[in-house]
Amino acid sequence: MKLIFLGAPGAGKGTQAEFVCKELSIPAISTGAIIRAALKNQTELGKKAESYMKSGALVPDEVVIEIIKERLSEDDCKNGFLLDGFPRTVVQAEALEGMGIEIDRVVNIVLGDDVIIDRLTNRRVCEGCGATYHLISLPSKDNVHCDKCGKKLILRKDDEPETVVNRLKIYHEQTQPLEDFYAKKNKLINIDGKRELKAVTADILAALKG
Ligand code: AP5
Ligand code: MG
């Protein structure tokens, strides 16, 4: 199955991608995670993306389109994949079509802006492996270290409140039009992202089977 997860920053795309991909045995591909890794390793891509990401702006279309093209050509994508955080603009969605890729479903995790600040300010990510936690709804054993690799948990730089406001604005302006784009193609499934984690996962899996 070839899937896209759409939704505002903090809607739960990454968290649900992990659960759903385990269930469906497909790889989860997060452009955000790929760019963060490049930034950490100070590769050419990381250097190019740094200033955009820090301010909460989108990295230029041509850069992310190239990242996805390369990633989707890898062997593990042959039997399907889940895209978390791509496409983010209509230009990116059209580029995906231009690659000859037929997406089966687009899962739109719907969450009001009021909840997003709580989700992101309470989110902690592992500085080692990038695993994601939430201080209240998905805590690690001690809320300080990662359960998976033992490294320290930190606040993502773009989760500072001022940057979150900018990310939300950009989401409404540039990414939300994709709801219409995919609804017109009868691919959009809206999922209530405000419910507890397991309920959201169950809703997504049920909708994909239906
Ligand atoms: P990216 O990393 O994709 O960030 P984002 O879209 O802003 O989304 P987040 O990762 O913040 O949220 P999420 O929906 O994954 O939520 P999560 O599951 O963590 O992109 C970062 C940056 O990279 C962009 O700003 C841009 O610069 C660049 N970029 C990436 N892709 C790009 C593209 N295609 N084009 C251009 N630029 C691009 O959940 C949030 C928190 O809530 C967690 O703590 C989680 O545990 C908790 N939580 C989740 N669900 C629930 C629930 N149901 N109940 C309670 N808590 C929950
Ligand atoms: Mg994410």
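Bear in mind the structure is a predicted one, so any value in this text is a computation, not a measurement. For reference, positions follow the sequence shown, starting with 1. One-based numbering, in listed order, for ligands and for the atoms of each.
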Worksheet entry | Straight-line distance of L208 CG to R105 CZ, nearest 0.5 Å | 6.5 Å
Discussion item. Counting neighbours of CG on N79 that are heavy atoms of other residues, nucleotides or ligands and sit closer than 6.0 Å, is the number greater than 12?
Written reply: no
Discussion item. Is R124 close enough to touch ligand 1? Criterion: a residue heavy atom under 4.0 Å from a ligand atom.
Written reply: no
Residues 69-76 side chain polar contacts: donor-acceptor under 3.5 Å, at least two apart:
residue	atom	partner	partner atom	Å
R71	NH1	E74	OE1	3.3
R71	NH1	D76	OD1	3.0
R71	NH2	D76	OD2	2.8
S73	OG	E70	O	2.6
D75	OD1	K78	NZ	2.7

Worksheet item: Counting from 1, what ligand 1 atoms have a heavy atom of G193 closer than 4.0 Å?
Response: 53 (N)
Discussion item. Using 0.5 Å steps for rounding, measure from the OG1 atom of T15 to the CG atom of L138.
Written reply: 6.5 Å
Practice prompt. Give the numbers and elements of all ligand 1 atoms closer than 4.0 Å to a heavy atom of G85.
Written response: 31 (N), 32 (C), 33 (C), 34 (N)
Discussion item. Using a 4.0 Å cutoff against the non-hydrogen atoms of G14, which atoms of ligand 1 qualify?
Written reply: 13 (P), 15 (O), 18 (O)
Worksheet entry | Nearest non-hydrogen protein atom, atom 13 (P) of ligand 1 | K13 N, 3.5 Å
Worksheet item: Counting distance only, does the side-chain N/O of K184 pair as donor-acceptor with the main-chain N or O of E179 below 3.5 Å?
Response: no
Worksheet item: Where's the contact between A57 and ligand 1, heavy-atom distance under 4.0 Å: side chain, backbone, both or neither?
Response: backbone
Practice prompt. Please determine if D159 and R123 form a salt bridge, counting it only when a charged side-chain N lies under 4.0 Å from a carboxylate O.
Written response: yes
Worksheet item: Can you tell me how far the CZ atom of R124 sits from the NE2 atom of H134, to the nearest 0.5 Å?
Response: 9.0 Å
Worksheet item: Applying a 4.0 Å heavy-atom criterion (strictly less than), which segment of V59 is in contact with ligand 1: side chain, backbone, both, or neither?
Response: both
Response to the item:
Of all protein heavy atoms, the one nearest atom 44 (O) of ligand 1 is Y133 O, 2.8 Å
Worksheet item: Hey, which atoms in ligand 1 end up nearer than 4.0 Å to a heavy atom of L138?
Response: 46 (O)
Item to complete: Can you sort out which atoms of ligand 1 are near A8, meaning under 4.0 Å from one of its heavy atoms?
Response: 14 (O)
Practice prompt. Among all protein heavy atoms, pick out the one at the shortest distance from atom 16 (O) of ligand 1; state its residue, atom name and that distance to 0.1 Å.
Written response: G12 N, 3.2 Å
Item to complete: For ligand 1, note which part of Y171 has a heavy atom under 4.0 Å away: side chain, backbone, both or neither.
Response: neither
Discussion item. So is S30 touching ligand 1 or not, going by heavy atoms under 4.0 Å?
Written reply: no
Fill in: Part of S137 within contact of ligand 1 (heavy atoms, under 4.0 Å)
side chain
Discussion item. Any salt bridge linking E160 with K54? Criterion: basic side-chain nitrogen under 4.0 Å from a carboxylate oxygen.
Written reply: no
Discussion item. Within the 4.5 Å heavy-atom criterion, are T163 and K157 side-chain neighbours or not?
Written reply: no
Practice prompt. Determine, for D158 against R156, whether the closest basic-nitrogen to carboxylate-oxygen distance falls under 4.0 angstrom.
Written response: yes
Worksheet item: For G7, is the nearest heavy atom under 4.0 Å from an atom of ligand 1?
Response: no
Practice prompt. Give a yes or no on whether a salt bridge exists between E44 and K48, defined as a side-chain N under 4.0 angstrom from a carboxylate O.
Written response: no
Discussion item. If you count every heavy atom of other residues, nucleotides or ligands that lies below 6.0 Å from K152 atom NZ, does the total exceed 12?
Written reply: no
Worksheet entry | Nearest-option assignment for atom 35 (N) of ligand 1, heavy atoms, candidates Q16, E18, E50, Q92 | Q92
Discussion item. Heavy atoms only: which of R36, R123, R195 lies closest to atom 9 (P) of ligand 1?
Written reply: R123
Worksheet item: Looking only at non-hydrogen atoms, which of R167, R88, M53 approaches atom 24 (C) of ligand 1 most closely?
Response: R88
Worksheet, complete the sentence: Ranked by distance from atom 45 (C) of ligand 1, the top protein heavy atom is T15 OG1, 3.5 Å
Discussion item. Check this for me, if you would: do E18 and K148 make a salt bridge, where the nitrogen-to-carboxylate-oxygen distance has to be below 4.0 angstrom?
Written reply: yes
Worksheet, complete the sentence: At under 4.0 Å between heavy atoms, what of L58 touches ligand 1? The answer is both
Discussion item. Between T89 and Q174, is the side chain to side chain donor-acceptor pair (under 3.5 Å) condition met? List the steps.
Written reply: CA-CA 6 Å; T89 63; Q174 301 196 43; 5.9 Å; no
Response to the item:
For T31, the ligand 1 atoms with a heavy-atom partner under 4.0 Å come out as 30 (C), 31 (N), 32 (C), 34 (N)
Discussion item. Are any of the N/O atoms on E196, whether in the backbone or the side chain, positioned under 3.5 angstrom from an N/O atom of ligand 1?
Written reply: no
Item to complete: Identify, for atom 54 (N) of ligand 1, the protein heavy atom at the shortest distance, and state residue, atom and that distance.
Response: R119 NH2, 3.4 Å
Response to the item:
ligand 1 to T132, heavy atom cutoff 4.0 Å, flagged ligand atoms 19 (O), 43 (C)
